[in-house]
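Structure record follows, encoded as structure tokens.
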Amino acid sequence: MTERLEGGLWCHDVLSLLDQYIDGQLAAGDLAAVQAHVRVCEQCARFGGAYGRVVAAVRRGEATEPAPEQLQRLTARVLERLE
Ligand SMILES: [Zn+2]
């Protein structure tokens with residue numbers, strides 16, 4: 001799996017920012033970068049499950065409420081695959 005650099009962020013940067021996005025804690029600059037990344041990154045768009053739903057929500061500019069523990073486990077798994 002190859003990570004992409006889009007919007008000034010790598011895929012693993014986006015992953016690590018998603019929990020802050022869900023909490024509404026993401027700074028405006030980071031939010032813009034995450035949105036710029038997922039809008040063009042097919043790599044992020046291909047992740048499934050809760051992560052895929054969050055990516056889709058970010059793309060649409062919506063808030064999302066997946067189960068936080070579920071998303072954390074999923075994010076950890078995706079990060080393992082990226083490394
Ligand atoms: Zn990506």
Side-chain angles (χ1 to χ4, degrees):
M1 182 175 285
T2 310
E3 282 200 68
R4 290 185 56 170
L5 178 62
E6 303 284 357
L9 295 175
W10 293 94
C11 293
H12 72 263
D13 295 325
V14 173
L15 281 168
S16 61
L17 289 170
L18 279 183
D19 58 336
Q20 293 176 57
Y21 174 81
I22 291 156
D23 291 341
Q25 308 271 317
L26 205 53
D30 288 336
L31 177 60
V34 168
Q35 286 174 330
H37 180 104
V38 299
R39 216 170 274 141
V40 292
C41 184
E42 287 154 24
Q43 197 73 37
C44 280
R46 276 209 298 272
F47 295 131
Y51 180 69
R53 284 200 296 280
V54 176
V55 169
V58 175
R59 281 185 160 189
R60 292 192 304 266
E62 293 170 2
T64 182
E65 298 177 36
E69 325 81 55
Q70 186 194 359
L71 186 70
Q72 268 176 9
R73 285 202 305 275
L74 190 72
T75 301
R77 273 214 308 278
V78 172
L79 286 172
E80 278 171 23
R81 275 195 293 173
L82 287 174
E83 280 161 9

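Just so you know, ligand 1 is whichever comes first in the structure, and atom 1 is the first atom listed for that ligand.
- Atoms of the protein (N, O or S only) found under 2.8 Å from the Zn ion (ligand 1) are Cys11 SG, His37 NE2, Cys41 SG, Cys44 SG.
- Going from atom CD of Glu42 over to atom CZ of Arg4 covers 5.5 Å, rounded to the nearest 0.5 Å.
- The line from CG of Leu79 to CG of Leu15 is 5.0 Å long, rounded to the nearest 0.5 Å.
- Under a hydrophobic clustering in which Ile, Leu, Val, Met, Phe, Trp and Tyr are joined whenever their side-chain heavy atoms come within less than 4.5 Å, directly or via other members, Val54 and Leu31 fall into the same cluster.
- Atoms CH2 and OG, on Trp10 and Ser16 in that order, are 14.0 Å from each other to the nearest 0.5 Å.
- No donor-acceptor pair closer than 3.5 Å links the side chain of Asp23 to the backbone N or O of Gln20.
- Under a 3.5 Å cut-off, the side chain of Glu3 and the backbone N or O of His12 do form a donor-acceptor pair.
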